[in-house]
Amino acid sequence: MIKLHNTLVKKIVEFTPIKEGEVTVYTCGPTVYDHAHIGNMSSYIYAETLRRTLIANGLKVQQVMNYTDVDDKTIKRSHEKYPDLDPKEALLKLTSEYISTFNDDVQKVGIDTKSIQFIKATESIDQMKKIIQQLLDKKIAYLADDGIYLSIEAYKKSGKTYGQLLNISDSNTSEARIDNDEYDKESVHDFALWKKQKDGEPSWEFSVGDRDMTGRPGWHIECSAMSEMSLGLPFDIHTGGIDLIFPHHENEIAQSTGAKDNPVMANYFVHSNHLLVDGKKMAKSANNFYTLQDIINKGFDPLAFRLLVLQSHYRNESNFTWDNLYSAQNRLKRWKNIAELRWQENVAITSGADSPDFDEGFAECMNDDMDTPSAIERLEKYLGDMENLNFCKPCVENIYSLVDSYFGLNILANTPDINDSQKQTILEREKARETKDWAKSDELRDKLLGQGIGLRDTDKGSIWYRI
RNA sequence: GGCGCGGUGGCCGAGGAGUUAGGCAGCGGUCUGCAAAACCGCCUACACGAGUGCGAAUCUCGUCCGUGCCUCCA
């Protein structure tokens, strides 16, 4: 049984898929106008951890992630970067570049992109028009001079609830915050489904009745269209960062349920909390964000960052500091060094010691609202025993393949055996030590050190580890 | 201003009324030909004030501080 925190009910509940044995997941992906920052990465790592947890429970998972490749920011940036190109070509060029770097980044932090179905907003325009037309037909949407808006009032009158994820009372909204003159919408709460083309902007043809509404989609409609297109309605789980709860997901719900008869868009909304940097929120609009490349440039392993993310619970705010990353990297290194023991016949016991309840306990933590910190604690307790060189080889393989399947740290794959010549060097050194030829012994040790292999001599023989 | 969340040892981070978190760093020691990121031990904390309990880091109230959302946001 998997338990998840569902934002719709604001508590941890048992997860039950719509179709037995299968799960559909929609993950709000990046707006591809710049490099993704590490905060973005953390939310995708958590989304992937959810998928891995579902799969570990024997469920067949279809996870979709979108690319927001048309919106205010992508348009603005593409015009700045490629002012001489046709607006649509400029947009495509810019977004393709960032889609490609996003893919690289996400793979570096261990996200298995082959298991995710990616979808682009610009390839889903027809579906957006379809939903908008349905909303217009139901009079939940209306035409204005500068675009098409969804009327919150009409939506509510149709019997639906606006504010399913967040309690929003009218008195909360400060009118001063919204420059209503800028838009032709009827109410400050209404939001744009479609924006009519302005000079120099990319556009898609769209006519409503006899009115030409050529322009481009609003941000929220993109996700409503892409999720419905790829997963159908309703689907099981919608994921994203907490800052997408309002207005993005709330508006998606309004669109997806307003146009249809079903009252829900997705049964579960799972939101991850922010990764702060030095205690402050990271945002592209502020200038305090790091990208994965910054981490790599400082010599850190991107997977150490993944571990840093997993060390804190997805619903807790966590803090990124370089010290913290250093700490996570050392932990990962230690985990890997222990995994390397499985190749070393002189210390690996092939039978005997064993960890029968590890799998179950670890899975239990993960199934309990993806409690990665508790799962890590459990792992550490077993590793403590293994470090005493008193473990069974199949045991290490079992534990790490389980850990890899949930955490995606690729520990087994990244800790291969050393090559034959290195093994030979170790044997030669053992012989030199037997004859107390310390000069030769040290020379051979240095030789291995140059290849990134360290040695420690124990009463069970020499043990190697990667540096 | 409205609605939330949180303040845990040098650092990061779980837990959450009585019982060990864990890691990283540091210190002391052990093993060793010398070494070792190996082993052992140490540092045993929960913002502040009051309240309710036999008992509070854990519950309640208040204060201070931080932080998030309130139509850019992972």
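Residue numbers start from 1 in every chain, and the chains themselves are labelled A, B, ... in the order their sequence lines are given, proteins ahead of strands.
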Looking only at side chains, do A:Ser42 and A:Arg306 share a donor and an acceptor under 3.5 Å apart?
no
Rounded C1' spacing from B:U20 to B:A37 in Å
25 Å
Given B:C69, B:A74, B:G33, which nucleotide is nearest the side-chain atoms of A:Leu275?
B:A74
So which nucleotide from B:A35, B:U71, B:G13 ends up closest to the side chain of A:His189?
B:U71
When we call it a touch if two heavy atoms are under 4.0 Å apart, what does A:Asn316 touch: a base, just sugar-phosphate, or nothing?
sugar-phosphate
What's the closest nucleotide to the A:Leu244 side chain, out of B:A74, B:U71, B:C34?
B:A74
Return the nearest nucleotide to the side chain of A:Glu317; candidates are B:A37, B:G68, B:A14.
B:G68
Does A:Glu97 come within less than 4.0 Å of A:Lys81, counting only side-chain N to carboxylate O?
yes
Please report, to 0.1 Å, the donor-acceptor pairs under 3.5 Å made by any side chain of residues 444-451 of chain A, with sequence neighbours excluded.
from     : atom 1 : to       : atom 2 : distance (Å)
A:Arg445 : NH2    : A:Asp442 : OD1    : 3.4
A:Gln451 : OE1    : A:Gln422 : NE2    : 2.8

Between B:A74, B:A14, B:U71, which nucleotide has the shortest distance from any of its atoms to the side chain of A:Asn40?
B:A74
Where are the stems of RNA chain B, defined as at least 3 consecutive Watson-Crick or wobble G-U pairs with both distances under 3.5 Å?
B:1-7 with B:64-70, B:10-12 with B:22-24, B:26-30 with B:38-42, B:47-51 with B:59-63
Is the distance from OP1 or OP2 of B:G68 to the nearest side-chain N or O of A:Asn273 less than 4.0 Å?
no
A:Asp301/A:Lys108 salt bridge by N-O under 4.0 Å criterion:
no
The side chain of A:Ser318 is closest to which nucleotide in this list: B:G33, B:G13, B:A74?
B:G13
Closer than 4.0 angstrom, basic N to acidic O: yes or no for A:Asp146 and A:Lys195?
no
P atom, B:G68 versus B:A45: distance in rounded Å?
31 Å
A:Tyr314: which of A:Asn273, A:Asp369, A:Thr49, A:Thr372 passes side chain to side chain donor-acceptor pair (under 3.5 Å):
A:Asp369
Just do the ring-ring contact (aromatic ring centres under 6.0 Å, His included) check on A:His249 and A:Phe269 with the steps written out, would you?
CA-CA 9 Å; A:His249 290 174; A:Phe269 278 79; 5.8 Å; yes
Among B:G33, B:A74, B:C70, the one nearest any side-chain atom of A:Asp243 is B:A74
Select base, sugar-phosphate, or nothing to describe what A:Asp371 touches, counting heavy atoms under 4.0 Å on all strands.
nothing
Which parts of nucleotides 17-27 of chain B does protein reach within less than 4.0 Å, heavy atoms only, written one letter per nucleotide 5' to 3' as B for base, S for sugar-phosphate only and - for none?
----BSBSS--
chi for B:G15 classified (syn = within 90 degrees of 0, anti otherwise) as anti
